[in-house]
Amino acid sequence: MTAAPLDFSALPLNEATLANLAQLGYHQMTPIQAASLPPALAGKDLIAQAQTGSGKTAAFALALLAGLNPRWFAVQALVLCPTRELADQVSAEIRRLARAQDNIKVVTLCGGVPLRGQRASLENGAHIVVGTPGRLMDHLERESLDLAGLKTLVLDEADRMLDMGFMDDIRTVVRQTPPTRQTLLFSATYPEGIASLAKDFLREPVHIEIKAQAAQVTIEQRFYEITRPQKFEAVAKLLLHFRPVNTLAFCNTKQQCKDLVDYLQQQGIDAQALYGELEQRERDQVLAQFANRSCAVLVATDVASRGLDINQLAAVINVDITPDPQVHVHRVGRTGRAGAAGLALSLATLNDMGRVGAIEVYQKMSSTWYGLDTLTPASTQPLLAPMVTLQILGGRKEKIRAGDVLGALTSAEGGPAYTREQIGKIQVTEFCTFVAVARDIAQAACAKLNAGRVKGKSVKVRLV
Ligand code: AMP
């Protein structure tokens, strides 16, 4: 029997990798995988235009893993990412996909954490490095990172890296890699800077373009005309009317984010603010809470929300209309991904009408207007997230793994044995671990972990 063209078994992958893919629930290739994996596995350079959510990470991860020699302790693959959040996600996906191979070490190198720990991880031997350009430059300058053995270089979300001003850093990093390497460039758009990078660093690349999925048509955009003093109340009304499971609300300034979060919390709505000046620790915490469903509404500025790779948001709210129509489309595109229907709600005052006009021209689409009086609370219940986050003060450094935490919570030792359904996402970071648990067991689960042991050691746990 011959394999269907979308079966992973049509690719030159080993049995263990195929079994792992099946176990991960990757039954068929996504379009970007079907288009890029055959040339990438054949060693060709690629320029692939693909969005987040398309399965692009696995598209390059499977290729770089296939070329890796686990018995050789040298950095053989390097993935450059625009942000730390994306780097963490890419590392996590590579680790998942590498489970089938023995002992592949993936090291993430991003700013915001001390260099020393990263240097120690590199000294212990890394096969794959994932990082942001600035921090990679630091390691190259300090000679703690050697790229002489590199086989595969990936530029992920290259357009975003250029937007963030990383062009020179990227060039410097790439120049320290062997010219014999394979280069895979992924980018959602293809601006001039990308063309110039490709010209300088790619060899006869195969071009792959996957048309943006029909996501746009499944996004319902609604505009509401309001007066300025009505703004916060209108946001609360929208949230209580639609009760989306997760919402990203955009404000144009940090102060607006803070003020809105204060207001929403007073109204019984689980909201958190994300803006540029947050410390890395606070930022990680907010992002973990939003990703694991213990925060229902994230109120963010555009800059802060970059690199936030949470797919399938139920709703996006434009609390402030942005002056840049391109930014509007970017914001709205965060909902309704991967075929799920999304809701994009925009609040506009009379003063914003010029901006709305520019958005209409840019989107080639006229706006549909609704009145605030069409909004009635779907229930009188507060809008609380279903989960609560516990923070364990200990992470990868202490060799804590998600399985250890799950084991501690599901065992009958030292308290009730919780079911898998009561436990959500477990995210192990360098220094701490975030565990989402159902709201009604949060206190008890926290007490149980504090009293018991994780990986044979007692741990400190707090409710976030
Ligand atoms: P990405 O675009 O790389 O961020 O991937 C989006 C999501 O799709 C991730 O959660 C992947 O784990 C998942 N994914 C990637 N490839 C497949 C596949 N072939 N089948 C099912 N899920 C996939």
Side-chain angles (χ1 to χ4, degrees), residues 3-13 17-38 40-41 46-66 77 79-100 106 108 128 130 152 154-161 184-189 208-215 218 246 248 287-288 290-293 305-313 330 333-340 342 402 424-427 436:
L6 288 179
D7 280 357
F8 282 102
S9 58
L11 299 171
L13 295 172
T17 301
L18 291 173
N20 184 37
L21 286 167
Q23 212 175 34
L24 287 169
Y26 294 13
H27 297 300
Q28 287 217 310
M29 288 189 261
T30 65
I32 186 73
Q33 291 162 359
S36 25
L37 278 166
L41 288 168
L46 290 191
I47 297 181
Q49 265 182 277
Q51 319 278 340
T52 304
S54 59
K56 67 182 166 68
T57 314
F60 63 72
L62 287 169
L64 66 85
L65 284 167
V79 184
L80 285 175
C81 297
T83 64
R84 176 162 169 205
E85 283 77 32
L86 184 66
D88 283 338
Q89 287 195 3
V90 167
S91 299
E93 176 84 348
I94 294 178
R95 287 194 181 102
R96 271 194 292 277
L97 292 167
R99 286 195 308 208
V106 185
T108 317
I128 303 171
V130 182
T152 316
V154 180
L155 304 175
D156 192 14
E157 307 207 351
D159 50 350
R160 234 157 87 190
M161 288 200 277
L184 309 174
L185 187 155
F186 283 74
S187 186
T189 59
I208 288 161
E209 187 180 352
I210 299 296
K211 293 262 176 311
Q213 251 127 48
T218 65
N246 55 5
L248 184 55
L287 289 172
F290 191 58
N292 71 21
R293 311 186 39 165
S305 74
R306 266 189 198 152
L308 174 75
D309 274 304
I310 293 166
N311 292 337
Q312 317 209 327
L313 289 168
H330 218 256
R334 286 177 168 276
T335 177
R337 277 181 177 155
K425 193 169 166 181
I426 300 174
Q427 186 191 350

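Start at 1 with the first residue, then count along the sequence. First listed ligand is number 1; within each ligand, the first listed atom is number 1.
Ligand-side atoms of ligand 1 in range of T57: 1 (P), 3 (O), 4 (O), range being under 4.0 angstrom from any heavy atom. Every atom of ligand 1 with a heavy atom of Q28 under 4.0 Å away is listed here by number and element: 18 (C), 19 (N), 20 (N). Per-residue contacts place S54 under 4.0 angstrom from the following atoms of ligand 1 (heavy atoms of the residue considered): 2 (O). The distance from ligand 1 to the heavy atoms of F8 drops below 4.0 Å at these ligand atoms: 19 (N).
Exactly one residue among T152, V90, L46 makes a side-chain contact (heavy atoms from CB on, under 4.5 Å) with F60. That residue is V90.
In this structure a side-chain-to-backbone donor-acceptor pair under 3.5 Å is present from T335 to L313. Q33 contributes a side-chain N or O that, together with a main-chain N or O of G55, makes up a donor-acceptor pair within less than 3.5 Å. Under a 3.5 Å cut-off, the side chain of R95 and the backbone N or O of V106 do form a donor-acceptor pair. Checked by atom type and distance alone, the side chain of D156 never pairs as donor or acceptor with a backbone atom of A87 at under 3.5 Å.
Residue G25 has no N or O atom closer than 3.5 Å to an N or O atom of ligand 1. Note: an N/O pair closer than 3.5 Å links Q33 and ligand 1 by distance alone.
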